[in-house]
Amino acid sequence: MEQAIYRELIVTGVDAKDSEDAIRQVGQLFLKEGFVKDTYIDAVCEREKVFATGLELEGISIAMPHTDIIHVNKPGVTVAKLAHPVEFEHMGEPGRKVQAEMLFMMAITNPEDQIGTIMRVLGVFQNKEALEAFKAAETEDELYEAAAKYIG
Amino acid sequence: MKSCTVVTVCGSGVVTSSMIALKIKDQLREKGWDATMYEASPVSLSSVITGKDIDVIVCASPVTEDVGIPKVKGMGMVTGMGEEKVINEIIAVLEEKHKD
């Protein structure tokens with residue numbers, strides 16, 4: 001199973017003023033650890049404006065910002081809890097807003113190689129027990145534990 | 001098993017389209033359809049479908065372009081809410097096209 005969750009990609013208490021600020025702050029984790037190229041963050045912000053990634057799930061709204069593989073060096077998933085919700089547009093439904101409490105930011109280099117990661121993230125979105133575990137996590141260590149368990 | 005061909009579309013043609021492609025393929029198999037899956041972004045859609053006999057396009061991002069192939073909204077496959085509706089709509093399109 002390919003690894004996607006790394007302790008250094010887990011963060012809580014991100015104090016963001018809007019969705020772009022949230023993406024920029026969380027994207028820094030990827031950049032600092034060399035997972036992505038310096039073009040990644042701008043590319044994710046631009047893409048979010050055209051193809052929004054907010055999702056209203058059962059009991060929580062999240063966003064899963066990502067962009068094209070050319071901006072990525074190494075696959076991974078950042079899991080971030082925001083200090084307070086910020087507004088994202090819902091994926092596939094222009095005009096529908098969600099108040100995202102968490103970000104699952106994706107760095108994918110090859111969707112075929114990383115289909116396991118992609119499907120485990122999707123599994124979290126659809127698994128009430130997993131979502132509860134992410135919601136309940138208060139510290140970064142607890143969040144890491146949930147992310148490692150459900151995404152790997 | 002009947003055969004069909006499905007394109008999933010999302011913004012980058014990478015992450016979300018792959019997510020829903022595998023789920024759709026699995027769930028169609030349970031309903032007796034062997035699906036060949038392709039993934040596209042709204043930008044690459046017309047080149048992806050060129051030269052292929054595509055039955056249905058499942059969209060996780062809005063596709064405004066009319067390429068002459070029925071479209072089904074696929075967001076329910078991402079959130080897990082309304083999955084059955086998505087599959088039923090896909091099957092309705094497939095049955096209509098393959099009724100003979």
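Just so it is clear: chains get the letters A, B, ... in the order the sequence lines come, proteins before strands, and each one is counted from 1.
Per-residue heavy-atom pair counts under 4.5 Å with chain B were compared for A/His90, A/Arg47, A/Met106, and the maximum is reached by A/Arg47. No other option in A/Leu57, A/Val121, A/Val50 has as many heavy-atom pairs under 4.5 Å with chain B as A/Leu57.
At distances below 3.5 Å, not a single donor-acceptor pair connects side-chain atoms of A/Glu58 with backbone N or O atoms of B/Gly80.
The shortest side-chain heavy-atom distance between B/Lys73 and A/Glu93 does not fall under the 4.5 Å cut-off. Counting only heavy atoms from C-beta outward, the side chains of B/Ser41 and A/Phe51 never approach each other to under 4.5 Å. Side-chain atoms of B/Val15 and A/Pro111, non-hydrogen and from C-beta on, never get closer than 4.5 Å to each other. No side-chain heavy atom of B/Thr79 sits less than 4.5 Å from a side-chain heavy atom of A/Met91.
Summarising the local packing, CD of A/Glu101 is surrounded by more than 12 heavy atoms from other residues, nucleotides or ligands at distances under 6.0 Å. When the shell of 6.0 Å around NZ of B/Lys85 is examined, it contains 12 or fewer heavy atoms from other residues, nucleotides or ligands.
Heavy-atom distances place both the backbone and the side chain of A/Ile118 under 4.5 Å from chain B. Residue A/Leu122 touches chain B through both its backbone and its side chain, counting heavy-atom pairs closer than 4.5 Å. For B/Lys23, the parts sitting under 4.5 Å from any heavy atom of chain A are the backbone and the side chain alike. Only the side chain of B/Met75 comes within contact range of chain A, judged by heavy atoms closer than 4.5 Å. Neither the backbone nor the side chain of B/Glu39 comes within contact range of chain A, judged by heavy atoms closer than 4.5 Å.
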